[in-house]
Structure formats: structure tokens, C-alpha cells
Amino acid sequence: MARIGILGAGQLGRMLALAGYPLGLSFRFLDPAPEAPAEALAERLCGAYDDPKLLRQFAEGLAVATFEFENVPVTAVEKLSRHVAVFPSPNALFVGQDRLHEKEFFERVGMAVPPYVRVDCRADLEAGIRRIGLPAILKTRRLGYDGKGQARIVSEADVEPAWRALGGQPLLLERLVRFDAEVSIIAARNRSGATAFYPLVENTHGEGILLRSRVPASCATPELERQARAHAQAVLAGLEYVGVLAIEFFVENGVLLANEMAPRVHNSGHWSIEGAETSQFENHLRALLNWPLGHTEIRGPSVMYNIIGVLPNLEHLLALPGVHVHLYGKAARPRRKLGHVTVTAPDLATLQARESALAAVWNANEAANATGTSSL
């Protein structure tokens, strides 16, 4: 039985393990958090990611290792790779951790990106505004996720507050894109170079947090699908990538503008657990072990909703047809992803009816718990 090591024991690690057990795989996690969603599923070491002694212990007996999120220190992955093969590579993690490196890489492989400027000081910010204009978004280059580390600059009055909030660290100023839609592509590549691509996913965000992901994307055309797959192929090849990769795009006037990538399984691919022939989690494991990649065709239209801030009434959700609930074992708190719900259906009309039933249940749940918030 092959054992896979996962740096990080959050919900993505949890779903990777759940996908791997039917294939006869076993797992070991390493995570510094005192409690983690995946800890009940397999052996877990608790400590710093870059602790050399702990990394040696973690690597013992592993067939391969991976990471579940991109904020693992690159140095930790480099140290771990001396003891066991780690995929994706430290270089892929390095690119995915820094928005500037990411944009520069996208441009090198021929992808269009929104106009941007590197910002290291207040003078850079002023010059950047003159160059790309307003409105714009000021972003931290590292560690930003779910809307964190960003400030919108619409007018000159917003410049000083944005600088006070984010200044003093490496930043990026980016033109605010008036997009027609936000989409992502989930792609996989195994160690032999075989690739697989899921259809474009249409995403809706609120305050920087992913609220829902829909397949097929209503905005998708054969040309957009072709563009997305070509871009994903270029990234996979350019990084000699192994594993599952997500790339998020803005759709502007029929053209894809690359926003960012995630060198890991991704929230916008959770629908694939029930909605695709092979989930993104299983394909990530297949890629790591150099197994044949699974088919990525959709079983029918589906939509995934994140459960944010408040846990729903589980019995009410489970009574609905086509509704699949995944809870992560996290304590409720505002803006925290506690789980997700995927609604599947044989056709779009049925999906719409099932979404309406879900919305009615969720609205009743919110009315009964007025102190919380949720995305549904």
C-alpha cells in the first residue's frame, strides 16, 4: 500500500485522503496547527513545516509527498525533497506564492494578464497609478487569499488608506478589470507528461471569497474552452508540473485574462467529487503516483456552494434531492469556510429547481440564526 505524505491537514488534505482510501492508499500529514480537519483520518505530525528532524520523520516510508496549500515554505519543500519525491515541484510553489512571479511567468508563456505594476514604496504606488490609471487594486504579493491583503483604489482619496493598510511589504498594483465573468480551469499532469482538463468553471465571489462554482460555465464557448486549455497546457509544460493545477481567469470582451494560479487542488473544483467522472482529488493522487489520469467529463450540470460562517441544518439539506453535503469539522466563525454543498442534476432545468429548493431551506436557516452569515 503506497503511503502519501501531505503538508497541511486542512480540508483539502482531508478530501485528498477521502479520495485515496478507495484506491488502497494511506496517508500521513504534517501541520503546525493544534487542530486540523484531516487529523482524524490518518497519522498526523504536529510541528513546523521546516523542522529538519520532523521532515525526516515525516518522509520515512512515503512513496511521494505533496502539499495542500501554497503557503507552505518553499524551503520546507526543498528540504523534504532530499528525502522523498515531492510534487508539485518547489519551483511551482515558488511561482504560485508570489503574485509578481506569477504574472511574470504567465507573460513568459504567452498569457494575457491585466496591466500591473510592482510596488515597493509609496513612490512606486503613485507612479503605478499614473501608468495604469484608476480604478485599481493594491494587493500584497504574498499570503493573500479569500479577499485578504487587498485594497481597492477608486479615487485619489483611497490612496492613503490603501497604503496605510498594506504598505511596508512587497505589493502589486493591478488595473481593476470590469470582467464579464470569472472562470477557472482545473488541469492535471502526471509524471509521464499525460494531461487532463476539466471544463471551464464559472465562479462567483463576494468580498473576495468564493461563493459558488457552476459547471458548465454559462459564459463558456468553444473558443474560451480552447484558450483556457492552451493556457493551462503552457503552464503545465513551463513548470514541468505534476499534480492538479487551477488557473483563475477574468473574461473580458471574449478574452481570458489570467488572474492567478493555485499549485494544488482548488475550491472551484470541489464540484468534481460528485459532478465529474473523476474528482480533482483522485486525479491529483493519480498524477503523483504516475497512474493513468481519470476521465474528466461531467456527469451532468452541477453547482457548488461554499458554507461560510454558519453551519446549516444538516437534516434539512439531506432531505433535498441531488444535494451532497461536505462538512470540514471546523468551528463556526465569520468568513470561515466550514464546508460545501454540491447540487447535481441530469439537466439544467432540474438543476435550477433543485437550487431553488436549496435556497428556500437556507433562507429559513438564516432566519432562524440571524447572528451568522453564509454564501447560500
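- Of the inter-residue distances, the one linking Leu23 atom CG with Met1 atom CE reads 11.0 Å to the nearest 0.5 angstrom.
- Ion pair Glu355/Arg214 flagged as a salt bridge, since at least one NZ, NE, NH1 or NH2 atom sits closer than 4.0 Å to an Asp/Glu carboxylate oxygen.
- Scanning for salt bridge (charged side-chain N to carboxylate O under 4.0 Å, His left out) contacts around Asp124 gives an empty result, with sequence neighbours left out.
- Formation of a donor-acceptor pair under 3.5 Å by the Thr350 side chain with backbone atoms of Pro346 is not found in this model.
- Counting only distance, with no hydrogens or angles, the side chain of Arg354 and the backbone of Thr344 share a donor-acceptor pair below 3.5 Å.
- Checked against ring pair (Phe, Tyr, Trp, His ring centres under 6.0 Å), Phe69 has no partners two or more places apart in sequence or in another chain.
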Handout entry: side-chain hydrogen bond (donor to acceptor under 3.5 Å, both in side chains) between Gln169 and Thr140, worked out
Key = CA-CA 7 Å; Gln169 59 188 314; Thr140 58; 5.1 Å; no
Exercise for the section: Please test His266 against Gln280 for side-chain hydrogen bond (donor to acceptor under 3.5 Å, both in side chains), starting from the C-alpha separation and ending with a verdict. Expected result: CA-CA 8 Å; His266 191 255; Gln280 65 165 342; over 6 Å; no
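- Judged by distance alone, with hydrogens and angles left aside, the side-chain atoms of Ser213 form no donor-acceptor pair with the main-chain N or O of Met304 at under 3.5 Å.
- Of all non-hydrogen atoms in Ala228 and Leu200, the two that sit nearest each other are CB-CD2, 3.6 Å.
- Using a 4.5 Å cut-off between side-chain heavy atoms of Ile, Leu, Val, Met, Phe, Trp and Tyr, with links allowed through other members, Phe105 and Leu257 fall into different hydrophobic clusters.
- No donor-acceptor pair under 3.5 Å is formed between the side chain of Glu202 and the backbone N or O of Ala181.
- Taken from CD1 in Ile308 to CG in Leu338, the straight-line distance is 8.5 Å, to the nearest 0.5 Å.
- Of the possible donor and acceptor atoms, one in the side chain of Gln227 sits under 3.5 Å from a partner among the backbone N and O of Leu256.
- Here the shortest heavy-atom pairing between Leu62 and Val84 reads O-CG2, 3.7 Å.
- The environment of CZ in Arg299 is crowded: more than 12 heavy-atom neighbours from other residues, nucleotides or ligands sit within 6.0 Å.
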Exercise for the section: Under the side chain to side chain contact (heavy atoms under 4.5 Å, CB included) rule, what do His324 and Val343 come out as? Steps first, then yes or no, please. Expected result: CA-CA 6 Å; His324 309 271; Val343 186; over 6 Å; no
Could you tabulate the donor-acceptor pairs under 3.5 Å formed by side-chain atoms of residues 183-195, not counting sequence neighbours?
residue, atom, partner, partner atom, Å
Ser184, OG, Asn203, ND2, 3.0
Ser184, OG, Ser268, OG, 2.8
Arg189, NH1, Tyr241, O, 2.8
Asn190, OD1, Ser192, N, 3.0
Asn190, OD1, Gly193, N, 3.1
Asn190, OD1, Ala194, N, 3.0
Asn190, ND2, Trp291, O, 3.3
Arg191, NH1, Leu288, O, 2.9
Ser192, OG, Asn290, OD1, 3.1
Ser192, OG, Asn290, ND2, 2.9

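- Contact check on Arg226 versus Glu223 returns a salt bridge, with a Lys/Arg side-chain nitrogen under 4.0 Å from an Asp/Glu carboxylate oxygen.
- Counting non-hydrogen atoms of other residues, nucleotides and ligands closer than 6.0 Å to CD of Glu35 gives a total of 12 or fewer.
- For an aromatic pair to be called close, the ring centres must be under 6.0 Å apart, and Phe281 with His270 satisfies this.
- Environment of CZ in Arg122: crowded, with over 12 heavy atoms of neighbouring residues, nucleotides or ligands closer than 6.0 Å.
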Exercise for the section: List the steps and the verdict of side chain to side chain contact (heavy atoms under 4.5 Å, CB included) for Phe29 and Leu45. Expected result: CA-CA 6 Å; Phe29 296 97; Leu45 304 182; over 6 Å; no
Practice task
Please step through side chain to side chain contact (heavy atoms under 4.5 Å, CB included) for the pair Val86 and Thr66, ending with a clear verdict.
Solution key: CA-CA 5 Å; Val86 184; Thr66 189; 5.8 Å; no
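- Counting only residues at least two apart or in different chains, salt bridge (Lys or Arg N to Asp or Glu O under 4.0 Å) contacts with residues 4-33 comprise Arg28-Glu43.
- Hydrophobic clustering, with ILVMFWY side chains joined whenever heavy atoms are under 4.5 angstrom apart, groups Tyr328 together with Leu41.
- Formation of a donor-acceptor pair under 3.5 Å by the Gln97 side chain with backbone atoms of Val72 is found in this model.
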Practice task
Check the pair His326 / Glu274 against side-chain hydrogen bond (donor to acceptor under 3.5 Å, both in side chains), numbers first and verdict last.
Solution key: CA-CA 11 Å; His326 298 258; Glu274 290 86 19; 2.7 Å; yes
Exercise for the section: Test side chain to side chain contact (heavy atoms under 4.5 Å, CB included) on Phe58 and Arg44 and set out the steps. Expected result: CA-CA 9 Å; Phe58 175 70; Arg44 181 173 81 103; over 6 Å; no
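- The structure places CE of Met261 at 11.5 Å from CZ of Phe249, a figure rounded to the nearest 0.5 Å.
- Nearest heavy-atom pair across Gly10 and Pro37 is CA-CD, 3.7 Å.
- In summary, the aromatic rings of His101 and Phe94 are positioned with their centroids under 6.0 Å apart.
- Ser302 approaches Thr342 most closely through the heavy-atom pair CB-CG2, 4.3 Å.
- A continuous path of Ile, Leu, Val, Met, Phe, Trp and Tyr side chains, each step under 4.5 Å between heavy atoms, connects Ile6 with Val242, placing both in one hydrophobic cluster.
- Taking CG from Leu80 and OG1 from Thr75, the interatomic distance works out to 11.0 Å, rounded to the nearest 0.5 Å.
- Here the straight-line distance linking atom OH of Tyr49 with atom NZ of Lys79 works out to 14.5 Å at 0.5 Å rounding.
- More than 12 heavy atoms of other residues, nucleotides or ligands sit less than 6.0 Å from atom CD of Glu104.
- Of all non-hydrogen atoms in Pro90 and Glu78, the two that sit nearest each other are CB-CG, 3.8 Å.
- No side-chain donor-acceptor contact under 3.5 Å links Asn306 to the backbone of Leu211.
- Around NE2 of His316, the count of heavy atoms belonging to other residues, nucleotides or ligands within 6.0 Å does not exceed 12.
- The CG atom of Asn259 sits 7.5 Å away from atom CD of Glu182, with the distance rounded to the nearest 0.5 Å.
- Side chain of Glu68 to main chain of Leu12: a donor-acceptor pair is present (N/O by atom type, distance under 3.5 Å, no hydrogens or angles).
- No more than 12 heavy atoms of other residues, nucleotides or ligands shown are found within 6.0 angstrom of CD on Glu315.
- Salt bridge status for Glu282 with Arg286: present, with a side-chain N to carboxylate O gap under 4.0 Å.
- Both Leu239 and Val113 belong to a common hydrophobic cluster when Ile, Leu, Val, Met, Phe, Trp and Tyr are linked at side-chain heavy-atom distances under 4.5 angstrom.
- The ring pair (Phe, Tyr, Trp, His ring centres under 6.0 Å) pairs that include a residue from residues 154-194 are Phe179-Phe250, where partners are two or more places apart or lie in different chains.
- Shown here for Ser272 and Tyr198, the closest heavy-atom pair between the two residues is CB-CE2, 4.1 Å.
- Sorted by first and then second residue, the salt bridge (Lys or Arg N to Asp or Glu O under 4.0 Å) pairs with a member in residues 163-181 read Lys103-Glu174, Lys139-Glu174, Glu160-Arg164, Arg175-Glu252; sequence neighbours excluded.
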